[in-house]
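Notes follow the structure.
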2 protein chains.
Amino acid sequence: MSSSKPPTPRSESGRSESGSVPAAVVNRLSLYLRELQHLVAEGIQTTSSSQLGERLGFSDAQVRKDLAHFGAFGHPGVGYRCDELINEIRRILGTDRVWTVALVGVGNLGRALLGYKGFESQGFRVAAAFDSDPAKVGSHVEGIEIRPIEEISQVVAQAAIDLGMVAVPAAFAQAAADVLVAAGVRGIVNFAPVSLALPEGVSQVGVDLARELEQVSFAVASRLRAEGA
Amino acid sequence: MSSSKPPTPRSESGRSESGSVPAAVVNRLSLYLRELQHLVAEGIQTTSSSQLGERLGFSDAQVRKDLAHFGAFGHPGVGYRCDELINEIRRILGTDRVWTVALVGVGNLGRALLGYKGFESQGFRVAAAFDSDPAKVGSHVEGIEIRPIEEISQVVAQAAIDLGMVAVPAAFAQAAADVLVAAGVRGIVNFAPVSLALPEGVSQVGVDLARELEQVSFAVASRLRAEGA
DNA sequence: GTCTGTGAAAGTGTTCACAGCG
DNA sequence: CGCTGTGAACACTTTCACAGAC
């Protein structure tokens, strides 16, 4: 459960390899999905690469090229049927089925993740939560019972958990990830501000809240420097 | 306060323009910063592009090229003094000063953001919080008083707020952003699953929890397809 | 006429490999 | 020697522009 120097480090920006589709394309794909869902909610049934691109800040060619990686989903002279394209993208992303997710770490952020309403509709069900704090174990958050860390491997197997979310303090994140991986989880979203070393075959995406703010502060600071100088 | 078709849409992946430094470079920069801080915590005072790269999954050349965008911070034959490079990167990212941040939306996620311990040490102080729910207004979360949305512009000016975090439901995110921008905020981190349209000169980074999971599920689904097929 | 799908061109980002400094 | 900083080679992405489908 320590972490001297395990395999495959991998950073935030990209997940591990995945065939030959650029990470940036997959990123945009899920942006297209979200926007298509908004379009449908607005009562729009058909769209075009230029409309979709315009709403997201991409070129029409970009949208078409991205989709071309996976097939030909449009109708020349017409555009894309929204519901059709939604289904295609969900299939590509794998969210045409439900993924079960386990959460490790029920602090402030963990509780927010358990209560987050946006997962279910996109095909993710948070099915188990774990914490090392005996005071939390046994209690229920959002209808989910908090279990002790020691039960991860049993529960992950029993509940057929696919993915993990790590929301523990930085110092414990690698250990938490190691346990999840040993239990058979295939991918992890890591909210701790560390780069996890995971074995090949386990995907990771990192979300670091302070880093997100840093990206913004850089942009603002650059602008201020440009103006001020 | 509606949002027919305002300026500059911009997606998650990139922030607005910022001189000529690629977004990916800035992303990695803050990853380098984080790792350097870990190195210092481990008692390591000097590092090299290859050590830094290895721990993050990048090549040594990548690390050196990234830094070269901003200057020459290393010592040939020696490497990089960790504390020196940390200072340089903080200066570049703009976090050599404190940025004040306002939060709009004190739901589950908003509360987690107010309680998040990782902001302060990186140069961000959440100094104000707003919510439209009268039941929440007036209460205190993590020592911060929740104020009504109507007071945003007054408070942002008075407290000299630099950045905003939007953690309201998708349908209200554009309006919340509009108010923040009108009040003078220069950058926004948006946790709502929509693409905000912001005027030029205001930076945005989007964090969409469901999308992060989708990136992982794509990678896992790809691997399963490859194996299974 | 509209809009897709796609080769070819242009533009960016990454890796290589080495000169030069400590 | 070791390691940085960097031009030059390479790889990858994006944009262009058009043939073909509706």
Side-chain angles (χ1 to χ4, degrees), chain A residues 9-15 17-29 31-32 35-36 39 44-82 84-86 88-89 92, chain B residues 9-15 17-29 31-32 35-36 39 44-82 84-86 88-89 92:
Chain A
R10 227 37 187 136
S11 83
E12 260 62 330
S13 326
R15 69 228 87 282
E17 100 306 331
S18 52
S20 63
V21 183
V25 172
V26 183
N27 246 290
R28 288 192 297 265
L29 219 53
L31 241 23
Y32 300 152
E35 204 60 35
L36 286 162
L39 285 167
I44 296 168
Q45 299 192 330
T46 303
T47 187
S48 64
S49 54
S50 45
Q51 181 180 40
L52 202 46
E54 203 172 323
R55 294 177 63 134
L56 291 164
F58 303 125
S59 73
D60 55 334
Q62 176 93 80
V63 175
R64 294 198 300 277
K65 260 279 148 67
D66 283 346
L67 294 173
H69 276 95
F70 306 97
F73 311 123
H75 304 278
V78 180
Y80 301 88
R81 291 271 311 278
C82 292
E84 209 173 276
L85 189 52
I86 285 173
E88 293 292 351
I89 295 179
I92 295 163
Chain B
R10 226 37 187 135
S11 84
E12 261 62 330
S13 327
R15 66 226 92 282
E17 99 306 330
S18 51
S20 63
V21 183
V25 172
V26 184
N27 247 289
R28 287 191 298 263
L29 219 53
L31 239 25
Y32 300 154
E35 204 61 34
L36 286 162
L39 285 167
I44 296 167
Q45 299 191 333
T46 303
T47 187
S48 64
S49 55
S50 44
Q51 181 180 40
L52 203 46
E54 204 172 321
R55 294 178 59 135
L56 291 163
F58 303 126
S59 72
D60 55 334
Q62 176 93 80
V63 174
R64 294 198 299 278
K65 259 282 150 65
D66 284 346
L67 296 172
H69 277 95
F70 306 98
F73 311 125
H75 304 280
V78 180
Y80 301 88
R81 291 271 310 279
C82 293
E84 212 173 275
L85 190 51
I86 285 172
E88 292 293 352
I89 295 180
I92 296 163

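Excluded from the calculations below are hydrogen atoms, water molecules and symmetry mates; all remaining heavy atoms, backbone and side chain alike, are included. First the proteins, then the strands, lettered A, B, ... as listed; each starts at 1.
Note: NE2 (B/His69) to C1' (D/dG5) measures 13 Å, nearest angstrom. Following rounding to the nearest Å, B/Asn27 (CG) and C/dT14 (P) show an atom-to-atom distance of 11 Å. Atom CD of B/Glu84 and atom C1' of D/dT4 are 13 Å apart (whole Å). When rounded to the nearest whole Å, the span between CG of A/Asp60 and P of C/dC3 equals 10 Å. For the pair B/Arg81 CZ and D/dC3 C1', the computed distance is 16 Å after rounding to whole Å. Summarising the geometry, the separation between CG on A/Leu52 and P on C/dT4 is reported as 10 Å, rounded to the nearest angstrom. Taking atom CZ of A/Phe70 as the reference point, atom P of C/dG5 lies 14 Å away to the nearest angstrom.
Inter-residue side-chain proximity for B/Val21 and B/Phe70 is flagged as met; some heavy-atom pair is nearer than 4.5 Å. A 4.5 Å side-chain heavy-atom check between A/Leu52 and A/Asp60 finds every atom pair outside the cut-off.
The two residues A/Tyr32 and A/Val63 have their closest heavy-atom pair at OH-CA, 3.5 Å. Pairing each heavy atom of B/Gly74 with each of B/Pro76, the nearest pair is O-CD, 3.8 Å.
Phosphate contact (OP1/OP2 of D/dG2, side-chain N/O of B/Tyr80, threshold under 4.0 Å): absent. For C/dC3, the OP1/OP2 oxygens have no side-chain nitrogen or oxygen of A/Ser48 closer than 4.0 Å.
Using a 4.0 Å heavy-atom criterion, one finds that B/Ser49 contacts the sugar-phosphate atoms exclusively.
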Listing time: all N or O pairs from protein to nucleotides 20-22 of chain D that are below 3.5 Å?
from, atom 1, to, atom 2, distance (Å)
D/dC22, O4', A/Pro76, O, 3.3

Between protein and nucleotides 14-16 of chain D, what N or O pairs are separated by less than 3.5 Å?
from, atom 1, to, atom 2, distance (Å)
D/dT14, OP1, A/Arg28, NH1, 3.0
D/dT14, OP2, A/Arg28, NH2, 2.9
D/dT14, OP2, A/Gln62, NE2, 3.1
D/dT15, OP2, A/Ser59, OG, 3.0
D/dT15, O4, A/Lys65, NZ, 3.1

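To the nearest 0.5 Å, atoms CD (A/Gln51) and OG1 (A/Thr46) are separated by 9.5 Å. Residue B/Ile92 holds its CD1 atom at 8.0 Å from CG of B/Leu85, rounded to the nearest 0.5 Å. Once rounded to the nearest 0.5 Å, the distance linking NZ of A/Lys65 with OG of A/Ser49 reads 12.0 Å. In this structure, OG in B/Ser59 is found 8.0 Å from CZ in B/Arg64, a value given to the nearest 0.5 Å. In this structure, the separation between CD on B/Glu88 and CG on B/Leu36 is 11.5 Å, given to the nearest 0.5 Å.
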